[in-house]
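Working notes for the structure below.
Everything quoted here is computed from the prediction, not taken from an experiment. All chains are named by letter (A, B, ...) in the order of the sequence lines, taking the proteins before the strands, and each is independently numbered beginning at 1.
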Number of protein chains: 2
Amino acid sequence: MAQRNQLKYIILGLLSEKKLTGYDITKAFDSDIGEFWSANHSQIYPLLKRLEDDALITHELELVGEKLEKKLYSITSAGKTVLREWLSEPTPEISATKDEFILKLYFIHSADDPLLLPMLTEQHQLHQAKLTHLKNQMSRKFPDETSQNNLGHFLILQHAIQRETRYTAWLQDIIDKVSR
Amino acid sequence: MAQRNQLKYIILGLLSEKKLTGYDITKAFDSDIGEFWSANHSQIYPLLKRLEDDALITHELELVGEKLEKKLYSITSAGKTVLREWLSEPTPEISATKDEFILKLYFIHSADDPLLLPMLTEQHQLHQAKLTHLKNQMSRKFPDETSQNNLGHFLILQHAIQRETRYTAWLQDIIDKVSR
DNA sequence: CCCTCCATGTAACTGGTTACATGATTTC
DNA sequence: GAAATCATGTAACCAGTTACATGGAGGG
């Protein structure tokens, strides 16, 4: 997608909470944020430089051990303004959910197609695993059902769990009908 | 996404049903397939050329009126093989659902944030509209609840309707809690 | 004759992935 | 001392968007 840099806002959003290195930001996509977005370090480092050029962030050097200097980035007030503006803007797009399985399914015209059942069971397993993972995340991050100072994260997890629950149920339903 | 060309398979899939021009394929993304995928003609035309170079499709010229020649593309048997192989392959990725609203929500930490309620109501309206549209599509395309020779399309519509139903209910639930 | 739709292309640019490349620190 | 992890970058490439560009056919 050659769209308006959304990664930019993720970085600003993360830095608005605390100071982070490029490496920390990269890591964030393996955990929390990885649940619904992805990015590689090769994309992050150049973007950090660009954001600093635009004065939305700055960095200070921190010495680790003898030689290793890491760059601790923090958001500037200009950066905070840009972030807040983005949050305030309307979000009128409903992304086209590019799910490859759904795409394949579109080209399965008949219930008799021998590919159908294997496809369905594979996806069911995947989404079941994802659901389990999400539920674990939920009980790890929000053990006492209070969303504390992290309402957004709580809601997103809740949303994802509902989505995967619905997805697996849908698949199960088709499996039942097809294999009957 | 710089991933394995999925558009390629969409084109092969569409051509496996009937002969189409580049224009027809472009149009397909405004209706049926547009429900879950998007593509521009500027991406389609060069790809058609590439697929023809790879002998997965061919074209014949058809004269319209006096001068206008349109290219009617059809799939070759090599193309059919490639399509079938793609359908047979596992689909082990769960795409990261890049939903900008979800992203924004992640950075809303408190229920007191004045941006929260407007965001929620905006999204509720959008997804409600989408749901209505999908239901219309369903009754237009499958008026008598039989999925005929188009099982895949039927299932995808069903899935999308369930997804949007779930999405709007989730939003409504948060709205109720926040505005209470 | 004008407007809409049919029809096909190219160019410039941005976003994102994969691969290349290097070196320090920590842990076992 | 070896392996895993921390830490930062660049280069090549592919996917996808926006804009540029052209012209015929059909309907009113």
(request) Given side chain to side chain donor-acceptor pair (under 3.5 Å), test Asp99(A) with Tyr167(A) step by step and report yes or no. (result) CA-CA 12 Å; Asp99(A) 179 329; Tyr167(A) 206 128; 2.7 Å; yes

(message) Angle between the two end axes of the helix from dC1(C)-dG28(D) to dC28(C)-dG1(D), five base pairs per end, rounded to 10 degrees?
(response) 30°

(request) Would you kindly compare Lys27(A) and Arg50(B) by the position of their nearest DNA chain D nucleotide and give the one closer to the 5′ end? (result) Lys27(A)

(request) Return yes if a side-chain donor-acceptor contact under 3.5 Å exists between Ser16(B) and Lys80(B), otherwise no. (result) no

(message) If the threshold is 4.0 Å, N to carboxylate O, is there a salt bridge linking Arg84(B) and Asp113(A)?
(response) yes

(request) Output yes when Glu89(A) and Arg4(A) qualify as a salt bridge under the 4.0 Å nitrogen-oxygen rule, no when they do not. (result) yes

(message) Let's see if you get this right: which residues in residues 51-72 of chain A place a heavy atom under 4.0 Å from DNA chain D?
(response) Leu68(A), Lys70(A), Lys71(A)

(message) Between the base of dT18(D) and the side chain of Ser42(B), is there a donor and acceptor pair under 3.5 angstrom?
(response) yes

(message) Side chains of Glu100(A) and Trp86(B) only: does a donor on one sit below 3.5 Å from an acceptor on the other?
(response) yes

(request) Mark yes when over 12 heavy atoms from residues, nucleotides or ligands other than Gln125(A) sit less than 6.0 Å from its CD; otherwise mark no. (result) no

(request) For Gln123(A) and Phe101(A), indicate whether the former's side chain and the latter's backbone hold a donor-acceptor pair under 3.5 Å. (result) no

(request) Taking only the side-chain nitrogens and oxygens of Tyr23(A), find out if one of them lies under 4.0 Å from OP1 or OP2 of dT8(D). (result) no

(message) Consider ring pair (Phe, Tyr, Trp, His ring centres under 6.0 Å). Of Trp37(B), Phe36(B), Tyr9(B), which one does Tyr106(A) pass it with?
(response) Phe36(B)

(message) As a test of reading the structure: which of dG15(C), dG9(D), dT17(D) is closest to the side chain of His41(A), going by heavy atoms?
(response) dG9(D)

(request) Compare side-chain N and O positions of Asn40(B) against OP1 and OP2 of dT17(D) and report whether any pair is under 4.0 Å apart. (result) yes

(message) Judged by each residue's nearest nucleotide on DNA chain C, which is more toward the 5′ side, Gln43(B) or Asp24(B)?
(response) Asp24(B)

